[in-house]
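Data block below; observations after.
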Amino acid sequence: QVRLVESGGGLVQPGGSLRLSCEDSRSIFRPFTMAWYRQAPGKERELVANISSEGVTNYADFVKGRFTISRDNAKNTLFLQMNSLKPEDTAVYYCNSLQTWGRGTQVTVSS
């Protein structure tokens, strides 16, 4: 059973925007941090941003000022608004929640 599902990826031009979503189908009744990671071909998976149950956010330097992480606690859903996308943002983006990984959504930024 898939309990963490990402969506919203796709092909966009440089400078474009995408909004990723991650829905956690589990019933969670305790505080937890959610995070976005990404992995490009031939590279290690890296943290993009995370957000605590209280809404405290952290961003990797390479996305600061361009990406915004948010969450809807009532729906156990995580979002990543990605603006001013660059070709180097091309990767599979993964959601992580309570040490559980989603299967990823592909983001491709290309002219």
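For reference, positions follow the sequence shown, starting with 1.
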Practice task
Begin with the C-alpha distance, continue with both residues' side-chain angles, and end with the deciding distance and a verdict on side-chain contact (heavy atoms from CB on, under 4.5 Å) for Lys86 and Phe62.
Solution key: CA-CA 10 Å; Lys86 305 174 181 179; Phe62 53 80; over 6 Å; no
Handout entry: Check against side-chain contact (heavy atoms from CB on, under 4.5 Å), Trp36 and Leu20
Key = CA-CA 10 Å; Trp36 287 102; Leu20 306 184; 3.6 Å; yes
Handout entry: Contact summary for Gln39 and Ala91, nearest pair of heavy atoms
Key = O-CB, 3.4 Å
Practice task
Would you indicate whether Gln13, at its atom CD, is surrounded by more than 12 heavy atoms from other residues, nucleotides or ligands within a distance under 6.0 Å?
Solution key: no
Problem - Joint cluster assignment, Val109 & Val48, ILVMFWY side-chain distance < 4.5 Å - result: yes
Handout entry: Derivation and outcome, side chain to side chain donor-acceptor pair (under 3.5 Å), residues Arg26 and Thr100
Key = CA-CA 11 Å; Arg26 299 172 295 178; Thr100 299; 3.1 Å; yes
Exercise for the section: Apply side-chain contact (heavy atoms from CB on, under 4.5 Å) to Glu44 and Tyr37, showing your working. Expected result: CA-CA 10 Å; Glu44 295 185 350; Tyr37 289 74; over 6 Å; no
Exercise for the section: Fit a plane to each ring of Tyr93 and Phe67, take the angle between them on a 0 to 90° scale, and name the class: parallel (under 30°), tilted (30 to 60°) or perpendicular (over 60°). Expected result: tilted
Fill in the blank from the handout: CG (Asn58) and CG (Leu47) are apart, to the nearest 0.5 Å, by 8.0 Å
Exercise for the section: Rounded to the nearest 0.5 Å, what's the gap from CG on Asn76 to CZ on Arg3? Could you check? Expected result: 12.5 Å
Practice task
Determine yes or no for a side-chain-to-main-chain donor-acceptor pair under 3.5 angstrom, with Glu6 supplying the side chain and Cys22 the backbone.
Solution key: no
Exercise for the section: Scan side-chain atoms only and decide if Asn50 and Thr33 contain a donor-acceptor pair under the 3.5 Å cut-off. Expected result: no
Practice task
Using the rule that two of Ile, Leu, Val, Met, Phe, Trp, Tyr join whenever any of their side-chain heavy atoms come within less than 4.5 Å, decide whether Leu98 and Leu80 are in one cluster.
Solution key: yes
Practice task
Would you give the length of the straight line joining atom CD of Glu23 to atom CZ of Phe79, rounded to the nearest 0.5 angstrom?
Solution key: 9.0 Å
Problem - Distance under 6.0 Å and angle within 45° of ring axis: Arg103 vs Tyr94 - result: no
Practice task
Please answer: with hydrophobic residues joined when any side-chain heavy atoms are less than 4.5 Å apart, are Met82 and Val12 in the same cluster?
Solution key: yes
Exercise for the section: Nearest 0.5 Å please: distance from the CG atom of Asp24 over to the OG atom of Ser97. Expected result: 4.5 Å
Handout entry: Residues Arg66 and Asp89 bridged, charged N to O under 4.0 Å
Key = yes
Exercise for the section: Would you mind reporting whether Ser70 and Gln81 have side-chain heavy atoms less than 4.5 Å apart? Expected result: no
Completion exercise
Closest non-hydrogen contact found for Ser17 with Asn83 is OG-OD1, 2.9 Å
Practice task
Would you kindly confirm whether Leu4 and Trp101 end up in one hydrophobic cluster when ILVMFWY residues are joined by side chain heavy atoms under 4.5 Å apart?
Solution key: no
Fill in the blank from the handout: Rounding to 0.5 Å, atoms CD (Gln106) and OG1 (Thr90) come to a distance of 7.5 Å
Practice task
Measure the CZ-CG distance between Arg45 and Asn96 for me, rounded to the nearest 0.5 Å.
Solution key: 8.5 Å
Practice task
Measure from the side-chain N and O atoms of Arg71 to the backbone N and O of Ser52, and report whether any donor-acceptor pair falls under 3.5 Å.
Solution key: yes
Exercise for the section: Would you please test Thr105 and Val92 for side-chain contact (heavy atoms from CB on, under 4.5 Å) and show each step? Expected result: CA-CA 5 Å; Thr105 184; Val92 177; 6.0 Å; no
Exercise for the section: Side-chain contact test, heavy atoms from C-beta onward, threshold under 4.5 Å: evaluate it for Pro87 versus Ser110 and give yes or no. Expected result: no
Problem - Side-chain (Ser21) to main-chain (Ser7) donor-acceptor, under 3.5 angstrom - result: no
Exercise for the section: Treating Ile, Leu, Val, Met, Phe, Trp and Tyr as nodes and any side-chain heavy-atom pair under 4.5 angstrom as an edge, say whether Leu18 and Val63 lie in one connected cluster. Expected result: yes
